[in-house]
Amino acid sequence: MPELPEVETVRRGLAPLMEGHVIATADIRRPDLRWPLPPDMAQRLTGQRVLGLRRRSKYILADLSGGETVLIHLGMSGRMLIAPGAGDGQILGDYVHAHAAPQTHDHIVLTMDTGARVTFNDPRRFGMWDMFPTAGTHPLLEGIGPEPFGNAFSDVWLAKRLAGRRTPIKAALLDQANVAGLGNIYVCEVLFRAGIHPARLAGDLDGGQVARLVPLIRDVLAEAIEAGGSSLRDYRQADGELGYFQHAFRVYGREGAPCATPGCTGTISRIVQSGRSSFFCAACQR
DNA sequence: CCGCGGGCCTGCGCGC
DNA sequence: TGCGCGCAGGCCCGCG
């Protein structure tokens, strides 16, 4: 799924259709995704005004007028398909679909009072939807580390989190407790820019390397958000166009390609760490 | 406590 | 053409 930039892109795409509008109907088309859905979710959604859409890590949070918040995770293959309603005019976001009968893997369909329709489609069903009191918290959100663009994410924080860790830096940056929102693609891209081999042990990085990671993480994520989120085959914009940032990947999915570093004659390698592919240049990542 | 591997699902592209 | 295999952007959980 989607990593932080893609989730943020979806949030921005949903906001004009949902914020300030009432959920007229909620069609829950199966009892579970990765986890069971609240059995009374349809009733709890129906008639609620969406006060705002937030993002925390890779979760979208929809605050409802009745005091509950909807927690949404897109998993690996989740998509939000959008059909605009009356008065929505030109929709800013992507993923605009015409109204149509539910398709295979359309699991949740929200119809707004404007007639706009938001359909959650997730073939692999690793996605999650749940509800919790807005004033409270949710177990899935506890333990998530600082947002990468927030002040709490700093070289001091990261150094403290990585100190003494005998796990590869690749795994440490994928750990949402250390920094929220990075996934396999963007960790590969960050480590490439940092010149750090993905198998290096997190606790072995020196202070300068850790400090440089912080702005590089922000750069990579900001560039991807700017590009509208990358979209791979599970994450296609509705008109079939692919996102831009994927064309800016320097290592991810580029095994065998020449390294993009000026003057470097290396080629991109792929290794498997904890069952996940890591792409890197062995010549300039140490 | 920490690190690793399995499991959850479906779909797609590849090699035979 | 058909089939089996490996692979896919995430995350929780149990094991050692």
Side-chain angles (χ1 to χ4, degrees), chain A residues 1-10 29-37 55-60 71-80 94-95 103-107 120-130 138-145 160-191 198-204 220-221 224-225 227-237 242-256 270-279:
Chain A
M1 145 308 60
E3 305 181 31
L4 185 154
E6 291 76 30
V7 176
E8 178 61 21
T9 298
V10 170
R29 301 174 49 77
R30 57 172 301 126
D32 55 22
L33 296 169
R34 165 135 196 214
W35 310 114
L37 296 166
R55 181 191 55 72
R56 173 75 171 106
S57 190
K58 301 171 191 173
Y59 291 90
I60 293 171
L71 173 95
I72 300 171
H73 195 293
L74 301 176
M76 291 276 263
S77 59
R79 294 188 297 163
M80 289 290 193
D94 304 313
Y95 322 109
Q103 307 291 307
T104 307
H105 308 310
D106 284 355
H107 305 310
F120 178 70
N121 176 286
D122 183 10
R124 292 176 71 184
R125 253 183 287 134
F126 289 168
M128 316 169 195
W129 280 55
D130 201 1
H138 190 282
L140 292 171
L141 297 177
E142 291 179 21
I144 294 180
K160 188 175 171 185
R161 296 290 305 184
L162 300 184
R165 296 287 297 274
R166 307 306 292 166
T167 194
I169 184 64
K170 170 73 185 302
L173 294 181
L174 281 174
D175 185 344
Q176 302 296 296
N178 293 330
V179 56
L182 288 175
N184 204 35
I185 290 179
Y186 296 114
V187 168
C188 290
E189 297 298 316
V190 164
L191 290 176
R200 278 281 297 285
L201 297 187
D204 287 348
V220 167
L221 294 177
I225 293 171
S230 59
S231 49
L232 303 187
R233 73 178 161 279
D234 281 343
Y235 209 74
R236 191 184 313 277
Q237 291 175 354
L242 298 177
Y244 291 111
F245 193 78
Q246 62 166 335
H247 302 302
F249 294 163
R250 299 183 193 168
V251 288
Y252 186 83
R254 302 191 69 237
E255 183 180 15
R270 184 179 82 94
I271 59 173
V272 176
Q273 299 176 278
S274 311
R276 316 283 311 269
S277 289
S278 293
F279 298 90

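To find a chain, count down the sequence lines: A is the first, B the second, and so on, and within it residues start at 1.
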Practice task
Give the nucleotide from the list C:dG10, B:dG3, C:dC12 with an atom nearest to the side chain of A:T167.
Solution key: B:dG3
Handout entry: Inter-nucleotide P distance (B:dG3, C:dG9), Å rounded
Key = 22 Å
Completion exercise
In whole angstroms, the gap separating C1' of B:dT10 from CZ of A:F120 amounts to 13 Å
Problem - Donor-acceptor under 3.5 Å (A:E189 side chain, A:R250 main chain) - result: yes
Completion exercise
Quick note, A:P168 side chain, CB onward, closest among C:dA8, B:dC4, C:dC11 is B:dC4
Handout entry: Side-chain N,O (A:S277) to OP1/OP2 (C:dA8) below 4.0 Å
Key = yes
Exercise for the section: Would you please classify the geometry between the A:Y186 ring and the A:F249 ring as parallel, tilted or perpendicular, with 30° and 60° separating the classes? Expected result: perpendicular
Exercise for the section: Test for a donor-acceptor pair under 3.5 Å between the base of B:dC8 and the side chain of A:R124, counting only N and O atoms. Expected result: no
Practice task
Please check the phosphate of B:dC2 (OP1 and OP2 only) for any side-chain N or O of A:R165 closer than 4.0 Å.
Solution key: no
Practice task
Take atom CZ of A:R56 and atom P of C:dC11, then tell me their distance rounded to the nearest Å.
Solution key: 12 Å
Exercise for the section: For A:G275, report the nucleic acid contact type (base, sugar-phosphate, nothing); a contact means any heavy atom under 4.0 Å. Expected result: nothing
Practice task
Round to a whole Å and report the spacing from CG of A:L33 to C1' of C:dC11.
Solution key: 14 Å
Exercise for the section: In whole angstrom, give the distance that lies between atom CG of A:L141 and atom P of C:dC12. Expected result: 10 Å
Exercise for the section: Could you please name the option among B:dG11, B:dC2, C:dC12 that lies closest to any side-chain atom of A:H105? Expected result: B:dG11
Practice task
Specify the separation, in whole Å, of atom CG of A:L74 and atom C1' of C:dG9.
Solution key: 11 Å
Practice task
For the residue pair A:W35 and A:D130, establish whether any side-chain heavy-atom pair is separated by less than 4.5 Å.
Solution key: no
Fill in the blank from the handout: Taking pairs as Watson-Crick (N1-N3 plus N6-O4 or O6-N4) or G-U wobble (N1-O2 and O6-N3), each distance under 3.5 Å, the stems of three or more consecutive pairs with DNA chain C are B:2-8 with C:10-16, B:10-16 with C:2-8
Practice task
Figure out the CG/C1' separation between A:D175 and B:dC2, and round it to whole Å.
Solution key: 11 Å
Handout entry: OP1 or OP2 of C:dG9 under 4.0 Å from side-chain N/O of A:Y252
Key = yes
Handout entry: Side chain proximity check, A:K170 to A:N184, heavy atoms < 4.5 angstrom
Key = yes
Practice task
Give a yes or no on whether the backbone of A:S77 and the side-chain of A:N121 come within a donor-acceptor separation of less than 3.5 Å.
Solution key: no
Handout entry: B:dC8 base stacked by A:F126 (centroids within less than 5.5 Å, tilt under 30°)
Key = yes
Exercise for the section: Could you tell me whether the phosphate oxygens of C:dC7, OP1 or OP2, come under 4.0 Å of any side-chain nitrogen or oxygen in A:R270? Expected result: yes
Practice task
Indicate, with a heavy-atom threshold strictly under 4.0 Å, whether A:L140 touches base, sugar-phosphate, or nothing.
Solution key: sugar-phosphate
Practice task
Could you tell me whether the phosphate oxygens of C:dC11, OP1 or OP2, come under 4.0 Å of any side-chain nitrogen or oxygen in A:H73?
Solution key: yes
Practice task
Measure from the side-chain heavy atoms of A:R34 and tell me the nearest of C:dG9, B:dG3, C:dC12.
Solution key: C:dC12
Handout entry: Over all atoms of both residues, closest heavy-atom pair of A:L140 and A:Y59
Key = CB-OH, 3.4 Å
Problem - Heavy-atom check, side chain of A:L191 versus side chain of A:R200, under 4.5 Å - result: no
Handout entry: Donor-acceptor pair, side chain of A:Q176 and main chain of A:G145, under 3.5 angstrom
Key = no
Handout entry: A:M76 side chain, from C-beta outward: closest of C:dG9, B:dG3, C:dC12
Key = C:dG9
Exercise for the section: Using whole Å, report how far CD of A:Q103 lies from C1' of B:dG11. Expected result: 16 Å
Practice task
Remember a base hit wins even if backbone is also touched, and classify A:R125 as base, sugar-phosphate or nothing at under 4.0 Å, heavy atoms.
Solution key: sugar-phosphate
Handout entry: Sub-4.5 Å side-chain heavy-atom contact between A:L4 and A:I225
Key = yes
Practice task
Rounded off to whole Å, could you give me the CZ-to-C1' distance for the A:R200 and B:dG3 pair?
Solution key: 19 Å
Exercise for the section: Measure from the side-chain heavy atoms of A:K58 and tell me the nearest of C:dC11, B:dC4, C:dG9. Expected result: C:dC11
